[in-house]
Amino acid sequence: MFTLTRNEFESINPDYRGVWQKECIELPKWPQIREQYVGKRTILRQGALLIEDMHFSIMT
């Protein structure tokens with residue numbers, strides 16, 4: 001896991017950062033794991049989707 005400042009996150013091209021908004025109701029345990037994904041900031045880096053609090057954190 002690595003840490004970014006808010007400014008570093010905002011400096012990433014908007015095409016490669018965002019906020020998870022999609023509901024994945026087709027996943028069997030989605031109601032139990034939903035809070036780990038929806039609303040979290042995301043980064044696309046080296047072909048991988050990185051999710052806030054799983055792969056990186058943002059310091060305020």
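Position 1 is the first residue of the sequence; numbering continues from there.
Applying the salt bridge (Lys or Arg N to Asp or Glu O under 4.0 Å) test to pairs two or more places apart or on separate chains, those with a residue in residues 42-52 are Arg41-Glu52. Legend: salt bridge (Lys or Arg N to Asp or Glu O under 4.0 Å) pairs involving residues 2-14, not counting sequence neighbours, sorted by first then second residue: Glu10-Arg17.
Heavy atoms of other residues, nucleotides or ligands lying less than 6.0 angstrom from CD of Glu35 number 12 at most. Within 6.0 Å of CD on Glu26 lie more than 12 heavy atoms contributed by other residues, nucleotides or ligands.
Considering only residues two or more places apart in sequence or on other chains, Ser11 meets the side chain to side chain contact (heavy atoms under 4.5 Å, CB included) condition with none of them. Applying the salt bridge (charged side-chain N to carboxylate O under 4.0 Å, His left out) criterion to Arg34, with sequence neighbours excluded, gives Glu23.
Clustering of Ile, Leu, Val, Met, Phe, Trp and Tyr by side-chain heavy atoms under 4.5 Å joins Trp30 with Trp20, Ile25, Leu27, Ile33, Tyr37, Val38, Leu49, Ile51, Met54. As a member of the Ile/Leu/Val/Met/Phe/Trp/Tyr network built from side-chain separations under 4.5 Å, Leu4 groups with Phe2, Phe9, Ile12, Tyr16, Ile43, Leu44, Leu50, Phe56, Ile58. Cluster partners of Met1, using a side-chain heavy-atom cutoff of under 4.5 Å among ILVMFWY residues and allowing indirect links: none.
Here Met59 contributes atom CE and Thr5 contributes atom OG1; the two are 8.0 Å apart, rounded to the nearest 0.5 Å.
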